[in-house]
Amino acid sequence: MTASLYIRPVGRIAPPAGAGEREQAPAIAAAGRVDLRFAGAEVIERDGASVRRGFMSAIELLDSSADPHLQALVQRLSQPRVAIAGLALDRPRLMGVINVTPDSFSDGGRYDTTDAAIEHALRLEAEGADILDIGGESTRPGADPVHLEEECRRVLPVIAALAKRSRARLSVDTRKAEVMRRAAGEGAHIINDVSALTHDPRSLSTAAELGLPVILMHALGDPRTMQDKPAYDDVVLDVYDMLEARIEACERAGIARARLVVDPGIGFGKTLAHNLALLGSLSVFHGLGCGVMLGASRKSFIGKLTGAEAGDRLPGSLAAALLGAAQGVQILRVHDVAATRQALAVWEGALG
Ligand code: HH2
């Protein structure tokens, strides 16, 4: 077995005010972004059970005599990302959550009628959401699956109305190929699948045929059982490898890497320690050559750390969103759009 290589950019450098390109310190620019420059990277090599970690400065990483595998990885990490559904990934974008469900973990039953969901979506757009993520099946731990027709009944009228009334990109949060197909027919622009196109055997070919961008999220197992003692050798590297394998499956099915966004799946088959390790290492996922998304809003790891109930987790959610932005995450999936916009405005003012 050949060793696997990972690089995790560290030490973000704020752009010096007014400095020209040539005055800037040597840095690794991630995902083609001029504002996303790192002083170096943790370089990780995994060979079976052995994991070796070292640090390399940007100067060493950019040296043309460096190891060709390393050079290829730096190249993939650095190249600009293609726009997703016409949305440039050159800064953190906000995806507002619209749960048309009776049982979602933080807002179940609040927006489960078509009118309430549409009104909520338009409010989130007015607050600054670039994408509206419409879901009709809760995937919280222990949730029961929802029948196809019921899921369609929940999400399709909302998507159809928003396609006419909203300028935001619309994503459909589903694990079912037929929901993807019908949602695309109503005007959805993006597929968001928490099973990374594994739950439904037809979803890979359907997504390829529809030609829409796809968000591939990592989950360990099914929502009903995923929190039963989740275990990894190394959570960050295992999630990375699984996402890489799903990207390769998509490419074989005819979905180009440029159309994919990856998401480590906070809370999906992960303990508190797993979630925190992923949040601290998000920049490694740029090495997959796709846009990176984070969904940490109101999740239970915040409750486990602080004791806060789902409705009281905004401060923790904002901290997680900024952790993502600092590591170059391009899409932040959040329930509280206005508050996250404000937090990002302050942060971007200094670092963006
Ligand atoms: N989290 C949830 C649902 N969909 N999609 C992606 N890509 N990433 C996530 O982290 C993610 C997701 C769970 O949050 P929510 O929709 O608020 O809850 P529920 O599943 O109970 O409806």
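The figures that follow rest on heavy atoms only: side chains count, while hydrogens, waters and symmetry mates do not. Note that the coordinates shown come from a computational prediction; the quantities given were computed from them, not determined experimentally. Note that ligands are numbered from 1 as they come in the structure, with each ligand's atoms numbered from 1 the same way.
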Using a 3.5 Å cut-off on N or O atoms only, is Asn99 in polar contact with ligand 1? yes

Under 4.0 Å from one or more heavy atoms of Ile215, ligand 1 contributes atoms 7 (N)

Should Lys299 be counted as touching ligand 1, given the test is an N or O pair under 3.5 Å? yes

Phe268 heavy atoms within 4.0 Å reach ligand 1 at atoms 1 (N), 2 (C), 11 (C)

In terms of residue, atom name and distance, what is the protein heavy atom nearest to atom 4 (N) of ligand 1? Asp173 OD2, 2.9 Å

Taking Glu348 first and then Arg91, would you say they form a salt bridge - that is, a charged N and a carboxylate O separated by under 4.0 Å? no

Assert yes or no for the condition that the ring centre distance of His218 to Phe268 is strictly below 6.0 Å. no

Exceeds 12 heavy-atom contacts within 6.0 angstrom, atom CD of Glu309: no

Atoms of ligand 1 under 4.0 Å from any heavy atom of Asn192, numbered from 1 in the order shown, are 5 (N), 6 (C), 7 (N)

Would Phe105 count as a polar contact of ligand 1, with the cut-off being nitrogen or oxygen pairs under 3.5 Å? yes

Check: of Arg333, Glu137, Arg298, Arg140, min heavy-atom distance to atom 16 (O) of ligand 1 comes from Arg333

For Ile59, does the CD1 atom have more than 12 heavy-atom neighbours from other residues, nucleotides or ligands under 6.0 Å away? no

At a 4.0 Å cut-off, with the gap strictly under it, does some heavy atom of His335 reach an atom of ligand 1? yes

So, using ring pair (Phe, Tyr, Trp, His ring centres under 6.0 Å) as the criterion, who are the partners of His120 when residues are at least two apart? Tyr111

So, is Ser138 polar-close to ligand 1, with some N/O to N/O distance under 3.5 Å? yes

Holding to side-chain contact (heavy atoms from CB on, under 4.5 Å), I want the full list of residues that pass it with Glu248, two or more places apart in sequence or in another chain. Glu244, Glu251, Arg252

Considering all heavy atoms of both residues, which atom of Cys152 and which atom of Pro157 are nearest to each other, and what is their separation? O-CD, 3.7 Å

The residue among Pro92, Ser317, Ser297 that forms side-chain contact (heavy atoms from CB on, under 4.5 Å) with Leu332 is Pro92

What protein heavy atom sits nearest atom 20 (O) of ligand 1, and how far off is it? Thr139 N, 2.8 Å

Hey, is ligand 1 close enough to Asp107 that some N/O pair sits below 3.5 Å? no

Need the ligand 1 atom indices (1-based, order shown) with element for anything under 4.0 Å from a heavy-atom of Ser104. 19 (P), 21 (O), 22 (O)

heavy-atom search around atom 6 (C) of ligand 1 in the protein gives Asp263 OD2, 3.3 Å

What are the atoms of ligand 1, with element, lying closer than 4.0 Å to any heavy atom of Val194? 4 (N), 5 (N), 12 (C)

Below 3.5 angstrom, do we get any N/O pair linking Ser106 and ligand 1? no

Tell me if the CZ atom of Arg123 is crowded by more than 12 foreign heavy atoms within 6.0 Å. yes

Heavy-atom closest pair (Val236 atom, Phe285 atom, distance to 0.1 Å) is O-CZ, 4.1 Å

Tell me whether Thr101 reaches ligand 1 (any heavy atom closer than 4.0 angstrom to a ligand atom). no

Under 4.0 Å from any heavy atom of Gly295, which atoms of ligand 1 are there? 10 (O)

Are Arg46 and Asp241 close enough for a salt bridge, meaning some N to O gap below 4.0 Å? yes

